[in-house]
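Since the structure comes first, as structure tokens, the remarks are kept for the end.
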Amino acid sequence: MSIVLEVIIYIILVFGIIITTIAFMEEGLKKNERYIRVRREDAKVILTLKVEGMTKEDELLIADVIEQGKFENVYDVVDEYTLENNG
């Protein structure tokens, strides 16, 4: 009976380690998918935030979310966006 218990504990530990490893690898892959702009002296990106019908607190929250990059997709933060090329 004790051998069966040891085998069950061993299997639980091995599966726990495998699941933990997969979870950390999956999170690491998400970080590698992030885009970081290559900075050049002759190029600028200017973001203008225009809000309608929000309180000042909500405006500051949205600005903080954008500043910190705490969103997965631009549509998580905005309803519409416009790309202008002035170059």
Side-chain angles (χ1 to χ4, degrees):
M1 186 67 173
S2 66
I3 294 176
V4 174
L5 184 61
E6 289 179 17
V7 170
I8 292 173
I9 291 173
Y10 178 76
I11 290 173
I12 291 172
L13 286 175
V14 169
F15 280 126
I17 292 170
I18 291 172
I19 290 171
T20 304
T21 304
I22 291 172
F24 279 115
M25 287 175 51
E26 192 173 290
E27 183 64 31
L29 291 175
K30 287 181 183 177
K31 290 181 182 177
N32 291 337
E33 293 175 356
R34 296 176 70 182
Y35 168 76
I36 299 175
R37 181 176 63 96
V38 177
R39 297 186 186 274
R40 297 189 325 228
E41 289 184 25
D42 60 335
K44 285 185 179 181
V45 175
I46 300 170
L47 178 69
T48 304
L49 180 63
K50 181 171 42 170
V51 295
E52 297 174 358
M54 288 187 159
T55 65
K56 189 67 174 173
E57 185 178 285
D58 288 338
E59 291 176 20
L60 294 174
L61 179 62
I62 294 290
D64 183 57
V65 166
I66 292 171
E67 183 178 334
Q68 301 297 320
K70 297 179 183 177
F71 57 94
E72 298 271 331
N73 187 318
V74 69
Y75 288 113
D76 293 343
V77 182
V78 302
D79 297 313
E80 61 184 70
Y81 72 93
T82 306
L83 177 63
E84 296 178 8
N85 188 349
N86 295 330

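Between Phe71 and Val65, the shortest heavy-atom distance links the atoms CD2-O, 3.8 Å.
For Asp64, the salt bridge (Lys or Arg N to Asp or Glu O under 4.0 Å) partners at least two apart in sequence or on another chain are Lys70. Residues satisfying the ring-ring contact (aromatic ring centres under 6.0 Å, His included) criterion with Tyr81, sequence neighbours excluded, are Tyr75.
Interatomic distance, CG of Asn85 versus CG of Leu83, reported as 7.0 Å (0.5 Å rounding). To the nearest 0.5 Å, atom CD of residue Glu67 and atom CG of residue Leu47 are 11.0 Å apart. Annotation: the span from Leu61 atom CG to Ile66 atom CD1 amounts to 10.0 Å, rounded to 0.5 Å. Here Glu6 contributes atom CD and Ile9 contributes atom CD1; the two are 7.5 Å apart, rounded to the nearest 0.5 Å. Within the model, atoms CD1 of Ile8 and CG of Leu5 stand 6.5 Å from one another, a figure rounded to the nearest 0.5 Å.
When the options Thr21, Val14, Thr20 are evaluated for a side chain to side chain contact (heavy atoms under 4.5 Å, CB included) with Ile18, the one that passes is Val14.
Counting non-hydrogen atoms of neighbouring residues, nucleotides and ligands closer than 6.0 angstrom, the CG atom of Leu13 exceeds 12 such neighbours.
Residue pairs meeting the salt bridge (Lys or Arg N to Asp or Glu O under 4.0 Å) criterion with at least one partner in residues 42-56, sequence neighbours excluded, are Arg40-Asp42, Lys56-Glu59.
In the hydrophobic clustering of this structure, Met54 groups with Val78; members are Ile, Leu, Val, Met, Phe, Trp, Tyr whose side-chain heavy atoms approach within less than 4.5 Å, directly or through other members. By the rule that hydrophobic residues join a cluster once side-chain heavy atoms approach within less than 4.5 Å of another member, Leu60 and Leu49 end up as members of separate clusters.
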